[in-house]
Amino acid sequence: MRTQVAIIGAGPAGLLLGQLLHNQGIEAVILERRSADYVLGRIRAGVLESGTVELLARAGCDDRLRQEGLPHGGINLCFGGRRHRIDLAALTGGKHVTVYGQTEMTRDLMEARSACGAKTVYEAAGVHLEGFQGTRPVVHYLKDGIAQTLECEFIAGCDGYYGVSRQSVPERAIETFERIYPFGWLGLLADVPPVNDELIYVNHAKGFALCSMRSNTRSRYYLQCPAEEKAETWSDDQFWDELRGRLDPEAAERLTTGPSLEKSVARLRSFVAEPLRFGRLFLAGDAAHIVPPTGAKGLNLAASDIRYLSEALIEYFSGGSTAGLDAYSSRALARIWKAERFSWWMTSMLHRFPEVGPFGHRIQLAELEYLVSSEAASASLAENYVGLPY
Ligand code: FAD
Ligand code: DHB
C-alpha cells in the first residue's frame, strides 16, 4: 500500500490531521492499535478553546458541536470555602471556551472520515517505522496476523505518550523534559445535572477538586487522590461524600448524586520532547508532550500542533515549499511551552503537595486571593484559559 501521509494513531490529533489533509485532496492512511469502540470508550477532556473549534470547522466537523457544545464565558475558583468567578469573556474581549467531550469530537471525526471513504486501519498491531531519515519512509504492521507495508512520503506520529513514534527516534537525537506530580485525579462521570452552570476549580485542605460537565444532564467530577490510587476501591457514595466535603456550602447543598457511568484515575505529568521533527517523521499531540490536566490544555495543544502541521503539509503538497515543515518544530514548541507553564502553574496553585507544608499552603491562598482581586492577574489567567493565539 502507498499513501502520501501515514498517520500513526486515531486519537483527536490523528483524526483531525487526516480530515484537514483529505479536504485539501491529500491522501492519508491512519493506523490505530486499538478498535474504534475502544478509542471511543476512553473518557478524557471536555473543554475546547475557540481555536480548536475553528479547526474543527475547517475540518468540516463542527455541526453537532455548534448545536450541542456549551459556550462558557467564565470559570469559578473556590478556596477558603468561598467561590470567586473569573469572567473569561469580560477579561478577554468576549472570548469563551466550549464544553464538548473529547469522545464526541472523536466520534464526529471518525464519522466524517468513514463518510468520505478515507482509510483507517483499526487493530493494527506491531507498528514499526523505518526510513524516515531518508526520502522513502515505510511503516510495517500486522493486520489480522498478516504482515502489511505502507509506503509514504511523511509519517505523522500522533500515537500518544506510550506510542511507537517517539520511541523510534534514536536517543541521541531527542531531548525530553519531565516532571511527575505526586498525585493523580480520580474522575467520575454520571448522568446527573451539573452542580453549577460553569466549572468550579477547588483548592481544599483535603485536596483539589473539579466540577465539570459534558452537557446539561451529564457531569464530570474529579478529586485529587494518591498517584497509586485504584478507582475500583472507591464506591460511588465515597466519591460523592468526599466531593461534597471539598465544595463550598452552597454547592455542597446543591450537588446531585447518582450512579457512576465511569470512574478512573489519571496520573499527573508534565513532559515535552524536543525537537518534533526527525527527517520525514513529525510528532504531534500527546506523542510529543503531556500537560497535567488542570487548565484543560492537553486536547487543545494536540489541536494546535495539528494546525501547524496540516498547514505545513498542505503548503508542501500544493507547491513544494518546505518552509512550513522546516518551521513546524519551533513554531509548535513555542506554544507548547507556554501551555506547559500554564498547566504547571494551575496545578501548583490548586493541589495539595505533601512536601510544601503549611507555608506552601498559605502561599497558594495568597496567590488565589491576589488572582481574584487583581484585574491584571485575572486577565492573565483568562487569556491563557481561553487559549493563547496561534
Ligand atoms: P491520544 O488521544 O492518546 O491518541 C493516540 C492514539 O494512538 C490512541 O488512539 C492510541 O490507541 C494510538 N496508539 C498508541 N500507540 C500506537 C501504536 N503503537 N500504533 C498505532 N496506534 C497507537 N486533557 C484535558 O485537557 N482534560 C482532561 O480531563 C484530560 N483527561 C485525560 C485523562 C487521561 C486518562 C488521559 C490519558 C489524558 C487526558 N487528557 C485530558 C489529555 C487529552 O485527552 C490528550 O491530550 C489528548 O487525547 C491527546 O490527543 P492525541 O490524539 O495526541 O493522543
Ligand atoms: C475537564 C478537565 C480538565 O482538566 C479541566 O481543566 C476542565 C475540564 C473535563 O474533563 O471536563
Side-chain angles (χ1 to χ4, degrees), residues 6-18 30-36 38-49 52 70 72 75 97 99-103 105-106 109-110 120-129 139-143 155-168 184-189 194 198-201 208 210-215 218-222 231 262 264-269 271 283-306 309 336 339 342-343 346-347 350 385:
I7 299 175
I8 317 300
L15 288 165
L16 192 51
L17 179 62
I30 301 185
L31 303 178
E32 164 60 50
R33 179 168 60 173
R34 305 287 193 173
S35 68
Y38 183 95
V39 172
L40 286 172
R42 295 188 295 221
I43 309 296
R44 291 184 174 180
V47 176
L48 307 186
E49 296 173 358
T52 305
L70 305 173
H72 279 205
I75 57 167
V97 292
V99 168
Y100 192 68
Q102 177 169 335
T103 313
M105 171 180 159
T106 306
L109 287 162
M110 280 181 176
T120 309
V121 181
Y122 286 100
E123 298 177 304
V127 168
H128 175 71
L129 317 184
V139 184
H140 301 277
Y141 63 98
L142 293 171
K143 178 64 188 169
I155 302 174
C158 302
D159 48 352
Y161 181 70
Y162 296 102
V164 68
S165 300
R166 195 182 65 252
Q167 287 165 22
S168 306
W185 281 16
L186 172 65
L188 177 145
L189 187 73
E198 291 176 344
L199 272 60
I200 310 177
Y201 289 85
F208 170 79
L210 170 59
C211 305
S212 183
M213 67 192 75
R214 292 291 174 270
S215 69
R218 180 167 287 188
S219 300
R220 180 70 164 160
Y221 294 113
Y222 297 98
E262 189 257 9
S264 55
V265 173
R267 299 180 70 164
L268 269 63
R269 176 195 307 271
F271 173 85
L283 301 180
D286 278 14
H289 44 74
I290 297 288
V291 288
T294 335
K297 290 290 164 239
L299 172 58
N300 291 300
L301 214 44
S304 65
D305 290 354
I306 292 305
L309 185 56
I336 288 162
F342 178 67
S343 307
M346 287 282 280
T347 302
L350 290 167
Y385 196 90

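Nothing fancy with the numbering, it's 1 onward along the sequence. Order of listing sets the numbers, starting from 1, for every ligand and every atom in it.
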Close side-chain approach of Ile8 to Glu32, heavy-atom, < 4.5 Å: no

Ligand-residue contact atoms, ligand 1 with Arg34, heavy atoms, under 4.0 Å: 11 (O)

Does ligand 2 have any N/O pairs with the protein under 3.5 Å, and how far apart?
residue  : atom   : partner : partner atom : Å
ligand 2 : 4 (O)  : Pro293  : O            : 2.5
ligand 2 : 6 (O)  : Tyr201  : OH           : 2.6
ligand 2 : 6 (O)  : Pro293  : O            : 3.3
ligand 2 : 6 (O)  : Gly295  : N            : 3.1
ligand 2 : 6 (O)  : Ala296  : N            : 3.1
ligand 2 : 10 (O) : Arg214  : NH2          : 2.8
ligand 2 : 10 (O) : Tyr222  : OH           : 2.6
ligand 2 : 11 (O) : Ser212  : OG           : 2.5
ligand 2 : 11 (O) : Arg214  : NH1          : 2.6
ligand 2 : 11 (O) : Arg214  : NH2          : 3.4

Sub-4.0 Å atoms of ligand 1 with respect to non-hydrogen atoms of Gly163: 15 (N)

Pairwise side-chain contact, Arg214 with Ser219, heavy-atom cut-off 4.5 Å (strictly under): no

Asp159 side-chain N/O to Arg166 backbone N/O, donor-acceptor pair under 3.5 Å: no

Distance from atom 14 (C) of ligand 1 to nearest protein heavy atom, with residue and atom: Asp159 O, 3.1 Å

From the candidates Ala10, Ser343, Gly11, Pro12, the one that places a heavy atom nearest atom 49 (O) of ligand 1: Pro12

Leu31 contact mode with ligand 1 (heavy-atom cut-off under 4.0 Å): backbone

Closest protein heavy atom (residue, atom, distance) for atom 11 (O) of ligand 1: Glu32 OE2, 2.6 Å

Protein heavy atom at shortest distance from atom 21 (N) of ligand 1: Arg33 N, 3.1 Å

Distance from atom 26 (N) of ligand 1 to nearest protein heavy atom, with residue and atom: Ala45 CB, 3.3 Å

Student check: side-chain heavy atoms of Thr106 and Leu40 closer than 4.5 Å: yes

Flag, side chain of Gln102 to backbone of Ala45, donor-acceptor distance under 3.5 Å: yes

Heavy-atom nearest option to atom 48 (C) of ligand 1, drawn from Asp286, Val291, Thr294, Leu210: Asp286

Under 4.0 Å to a heavy atom of Lys297 - the qualifying atoms of ligand 1, by number: 25 (O)

Side chain to side chain, Arg33 and Glu123, heavy atoms closer than 4.5 Å: no

Backbone of Leu48 reached by a side-chain donor or acceptor of Asn300 within 3.5 Å: no

Ile30 vs Val121 side-chain heavy atoms within contact, under 4.5 Å: no

Any Met110 side-chain heavy atom under 4.5 Å of Leu15 side chain: yes

Whether Tyr222 lies under 4.0 Å from ligand 1, heavy atom: yes

Any Arg42 heavy atom less than 4.0 Å to ligand 1: yes

Atom 34 (C) of ligand 1 [closest protein heavy-atom partner, distance rounded to 0.1 Å]: Ala266 CB, 3.9 Å

Nearest-neighbour protein heavy atom for atom 32 (C) of ligand 1, which is reported as residue plus atom name and distance: Arg44 CG, 3.9 Å

By side chain to side chain donor-acceptor pair (under 3.5 Å) - contacts of Ser343 (at least two apart): none

Closest protein heavy atom (residue, atom, distance) for atom 47 (O) of ligand 1: Gln102 NE2, 2.8 Å

Tyr385 and Val97, any side-chain heavy atoms less than 4.5 Å apart: yes

Parallel, tilted or perpendicular: rings of Trp185 and Phe208 (30°, 60°): parallel

Under 3.5 Å: N/O of Trp185 near N/O of ligand 1: no

4.0 Å heavy-atom contact, Cys158 with ligand 1: yes

Ser212 OG to Glu198 CD distance, which is reported to the nearest 0.5 Å: 11.5 Å

Geometric class of the Tyr161/Phe271 ring pair [parallel <30°, tilted 30-60°, perpendicular >60°]: perpendicular

Polar contact flag for Gly298 and ligand 1 (N/O pairs, less than 3.5 Å): yes

Test item: side-chain donor near acceptor, Ser165 and Gln167, under 3.5 Å: no

Which residue and heavy atom of the protein sit nearest atom 51 (O) of ligand 1, plus the separation: Ala13 N, 2.9 Å

Val39 N/O under 3.5 Å from ligand 1 N/O: no

Expected output: side-chain Lys297 to main-chain Ile336 donor-acceptor under 3.5 Å: no

Residue Val164 vicinity, atoms of ligand 1 by number, heavy atom under 4.0 Å: 18 (N)

